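Input: a single structure, listed below in structure tokens.
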Amino acid sequence: MAVKIKLQRKGAKNAPFYRVVVQDESFPRDGRVIEVLGHYDPLLEPSKFEVDVEKTKNWLSKGAQPTDRVRLLLGQAGVMPAVDLAALPKRKTKGEAVPVEAPAAAVAA
């Protein structure tokens with residue numbers, strides 16, 4: 001069972017806020033949680049991120065892996081080392097096509 005520290009979306013349409021939760025990675029985003037660690041409200045200016053530091057460090061020591069967004073937020077809060085945004089892998093958008101190489105036999109013909 002691989003455990004992740006994720007953001008769980010709550011709130012209304014166009015007014016999201018998130019709970020920082022510990023969840024099995026195979027569970028859906030809004031599925032069953034193991035423990036709630038805090039919350040994040042991106043709509044406030046400046047955005048509000050509160051997390052229980054002791055519980056979070058305990059889960060990290062047990063091997064829980066934070067998602068990229070949570071790792072960034074925990075770095076800003078001082079719970080983990082800060083993350084360089086340039087070091088994070090870039091996601092592929094839906095429109096981006098993966099180049100497929102043609103087999104050598106089809107190219108020679």
Side-chain angles (χ1 to χ4, degrees):
M1 176 171 105
V3 178
K4 290 255 187 197
I5 300 175
K6 302 178 176 183
L7 292 176
Q8 185 180 52
R9 190 182 195 281
K10 296 288 183 183
K13 184 177 181 179
N14 296 325
F17 67 92
Y18 300 89
R19 294 191 326 182
V20 181
V21 298
V22 177
Q23 223 176 15
D24 187 292
E25 71 179 349
S26 63
F27 290 168
R29 178 193 69 190
D30 294 331
R32 185 177 56 184
V33 300
I34 299 171
E35 187 170 9
V36 177
L37 301 177
H39 62 275
Y40 169 57
D41 191 349
L43 297 181
L44 295 179
E45 193 57 46
S47 61
K48 183 179 177 183
F49 179 70
E50 291 182 3
V51 69
D52 188 335
V53 176
E54 294 299 320
K55 285 182 182 179
T56 304
K57 286 184 177 180
N58 185 22
W59 277 105
L60 290 171
S61 69
K62 290 180 182 178
Q65 295 296 315
T67 59
D68 289 341
R69 174 59 63 185
V70 174
R71 182 181 309 254
L72 181 69
L73 292 169
L74 290 175
Q76 291 173 351
V79 178
M80 293 180 70
V83 176
D84 181 21
L85 291 177
L88 292 177
K90 302 214 179 200
R91 283 199 211 161
K92 294 179 182 171
T93 60
K94 288 183 180 180
E96 254 182 73
V98 177
V100 178
E101 294 184 25
V107 175

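Just so we're clear, the structure is a prediction, and the values are computed from it rather than from any experiment.
Here the shortest heavy-atom pairing between Pro42 and Pro16 reads CD-O, 3.9 Å. Across all their heavy atoms, Lys6 and Phe27 have their closest contact at NZ-O, 3.2 Å. A pairwise comparison of heavy atoms in Glu25 and Lys4 identifies OE1-CE, 3.4 Å as the closest pair. Here the shortest heavy-atom pairing between Asn14 and Arg9 reads N-NH2, 4.3 Å. Taking each heavy atom of Thr56 and Asp52 in turn, the nearest pair found is OG1-O, 2.8 Å. Between Ala15 and Leu43, the shortest heavy-atom distance links the atoms CA-CD1, 3.6 Å.
The hydrophobic cluster containing Val33 does not contain Val3, counting ILVMFWY residues as joined when their side-chain heavy atoms lie under 4.5 angstrom apart, directly or transitively. Both Val70 and Val79 are members of a single hydrophobic cluster when ILVMFWY side chains are connected at heavy-atom separations under 4.5 Å. Placement of Tyr40 and Ile5 within a single hydrophobic cluster is found when ILVMFWY residues are connected by side-chain heavy-atom separations under 4.5 Å, directly or transitively. Residues Ile34 and Val20 share a single hydrophobic cluster, defined by chaining ILVMFWY side chains whose heavy atoms lie under 4.5 Å apart.
Considering CZ of Arg69 and OH of Tyr18, their distance stands at 9.0 Å, rounded to 0.5 Å. Here the straight-line distance linking atom CG of Asn58 with atom CG of Leu37 works out to 9.5 Å at 0.5 Å rounding. To the nearest 0.5 Å, atoms CD (Gln8) and CZ (Phe17) are separated by 10.0 Å. Distance check: Met80 CE to Leu73 CG gives 11.5 Å after rounding to the nearest 0.5 Å. Rounding to the nearest 0.5 angstrom, the gap separating the OG1 atom in Thr67 from the CZ atom in Arg29 is 12.0 Å. Here Gln23 contributes atom CD and Leu7 contributes atom CG; the two are 10.5 Å apart, rounded to the nearest 0.5 Å.
Residues meeting the side-chain contact (heavy atoms from CB on, under 4.5 Å) test with Lys13, sequence neighbours left out: none.
Within the 4.5 Å cutoff, the side chain of Pro66 has no heavy atoms near those of the Leu72 side chain. By the 4.5 Å heavy-atom criterion applied to side chains, Leu74 and Phe49 are counted as neighbours.
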